[in-house]
Participant: 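Got a structure here, written out as C-alpha cells. Questions coming.
Start at 1 with the first residue, then count along the sequence. We count ligands from 1, going down the list as the structure has it; atoms in each ligand are counted the same way.
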Amino acid sequence: MLSILQCMNCGRQYPVDEVVYNCADCGGLLDVSHDLNALRKIVSRELFDQRLGSLERPYNSGVWRYKELVYPDVDPDMIVSRPEGNTNLYQTSKLAHWAGVETLYLKHEGENPTGSFKDRGMTGGLTQAKVLGMTRVACASTGNTSASLAAYAALGGLEGIVFFQNKQIALGKLSQAIAYGATCVQIAADFDRNLELVREVGAALGIYVLNSVNPFRLEGQKSIMIELIQQLRWQVPDWIVCPGGNLGNSSAFGKALRELYELGLIDRIPRLAIIQAEGANPLFRAFQKEFEDYQPIHAETIATAIKIGNPVNYPKAVRSIEWTNGVVEQVTDQEIMDAKALIDAQGIGCEPASGCSLAGVRKLVNDGIIKPHETVVGILTGHLLKDPDATIAYHRDQLDSIKAHYPNHIHEVAPSVDEIARILSNGGEHELIR
Ligand SMILES: *Cc1c(COP(=O)(O)O)cnc(C)c1O
Ligand SMILES: [Zn+2]
C-alpha cells in the first residue's frame, strides 16, 4: 500500500479503509499520507504530460491525471468522475494592471462540472465512499459542497444528503442540490452548527461525511496546484492567491506544493496568500498574532461560500502557511464585489467569494508584500451563475453598505428607434477597464 491515514499531531496511523475523520487518540486532523520514496520512482513531469488530452478514463480527468499523487492504490473501476478539472488558466493584462502586477493568471475552478472546485474534492470523496462500501453520504454546506455532493452521489449511485442553513444559500447552489436529487435538509442554524450536526448524525447513522474534514477530498483538491503548474510548463509562479473559508483549499495547496517539491517535480515552493472576508476572518486574526491565539467568530459576509467562523481545517492551513512562507490578508465586502465586477466584465466571471483573489492581490501589492514583477496566480473558486442575486443587486446598487463602483446599469428605453439610438450613442459603462 502506498498510502495511509496519519494524524497530523501525534502521527498515529490508520489504514485507508477505516472510517475515521479525526485521530482517536488526540482528536487531530488526518492526512492521507503517501509513500513519497516509492512514488519518486514512479511519477515524473513526462508521465503527467503524456496523459494530457487523454480520452480515456480516469486520465481524462484533471484530478485523476495525477492519480499517483491523489490515491495511488485505488482501483480505477471504483473512481466516480464526471470528469472534473481541466480548467482554464486566463492571463489578464487588464486585471494585472488594476491589481498592480505585471503578470497575473486566474485559474477558473468555476469551470468544473457543477461550477466550483468542490468537484475536485468530491470525486476523491465519493470514490472513497465506494471503496468503503457506503450507501449514503452527507455534508453541511454553504452551497457548493451540496451541489457537488448531490451530483457525484447520483453519478455513483449513492444517496446524497445535504444540510443547509435556512437563509442565505445562493440560488444557483440550492437549485442544483434539489435537481440532482439529494435529500435536502434545511436547518435553522448557521454553517458552523450544521457541520457539528452532520458529524453527529453521520456517526450515529453510519453515513459517510464528506465535508472538507474528509482528507480524501483534500487529496482531490491538490490537483488544482498540480494542474496549474503543469499549465505553466512546470515553472512555478511566485504567488498563489486564494479565498479562505473552511480552509480546505488552503490545506490542500500547501500539501500539494510540498509533495511536488519533495518529489522533484518543482524546484521551489511558491508563496501562498490566503484571503478572507473581513467579516469571516478567524485565520487572518490568528495570523496577526503569529498563530499564538485562535478564536472562532460569528461570520458575516456577502460572499456566502466563505461565511465560516470556525474553519475545520485551521491547523492544516497554519501548516500550509508555514510550509510556503505564506501570508493571510483580509478584504471588505466592498472590495470583494468590486473585484468580482471587474473579473465579470472581462468576460471571465465568478461568484462573490472568488473576488477575494483579485482584491487580495491588489491589497498585497499596495502593502508591498507582493512585488510588481512577481508572477501571481489567483484562484477563482466558483462560477458566475452560482449567485445571480448578488450580481444583479450589485449592478442595481441595491446592496446594503456596498456601493457599486463598476456598475453596468440596465437602460430603460421607450420602444423608439430614436430613443434607443440616443442611448447607444453614449457608449457603455466600463470604459475604465475596456
Ligand atoms: C467552498 C468555497 C470556498 C472556500 O473554500 P475553502 O476550501 O473552504 O476555504 C471559496 N469559494 C467558493 C466558490 C467555494 O465554493
Ligand atoms: Zn493524534
Participant: Under 4.0 Å between a side-chain nitrogen and a carboxylate oxygen: does that hold for Lys340 and Asp387?
Facilitator: no

Participant: Evaluate whether atom OH of Tyr261 has more than 12 neighbouring non-hydrogen atoms of other residues, nucleotides or ligands under 6.0 angstrom away.
Facilitator: no

Participant: Which is it for Arg57 and Asn60 under the side-chain hydrogen bond (donor to acceptor under 3.5 Å, both in side chains) test, yes or no, and what are the steps along the way?
Facilitator: CA-CA 5 Å; Arg57 69 184 305 278; Asn60 58 352; over 6 Å; no

Participant: Have Gln128 and Tyr71 got a donor and an acceptor in their side chains that come within less than 3.5 Å?
Facilitator: yes

Participant: What does the 4.0 Å heavy-atom contact list look like for ligand 1?
Facilitator: Phe117, Lys118, Asn144, Gly244, Gly245, Asn246, Leu247, Gly248, Asn249, Ala305, Ile306, Glu351, Ala353, Thr381, Gly382

Participant: Determine whether more than 12 heavy atoms belonging to other residues, nucleotides or ligands lie under 6.0 Å from atom CG of Asp400.
Facilitator: no

Participant: Got a sec: does the CZ of Arg268 have more than 12 other heavy atoms crowding it under 6.0 Å?
Facilitator: yes

Participant: Does the side-chain hydrogen bond (donor to acceptor under 3.5 Å, both in side chains) test come out yes or no for Glu351 and Ser354, once each step is laid out?
Facilitator: CA-CA 6 Å; Glu351 71 163 279; Ser354 309; 5.7 Å; no

Participant: With a cut-off of 2.8 Å, which protein N/O/S atoms are close to the Zn ion (ligand 2), if we only count those under it?
Facilitator: Cys7 SG, Cys10 SG, Cys23 SG, Cys26 SG

Participant: Any chance you could measure Leu104, atom CG, to Leu106, atom CG, to the nearest 0.5 Å?
Facilitator: 4.5 Å

Participant: Anything under 30° is parallel, anything over 60° is perpendicular, the rest tilted; go ahead and classify His108 against Tyr90.
Facilitator: perpendicular

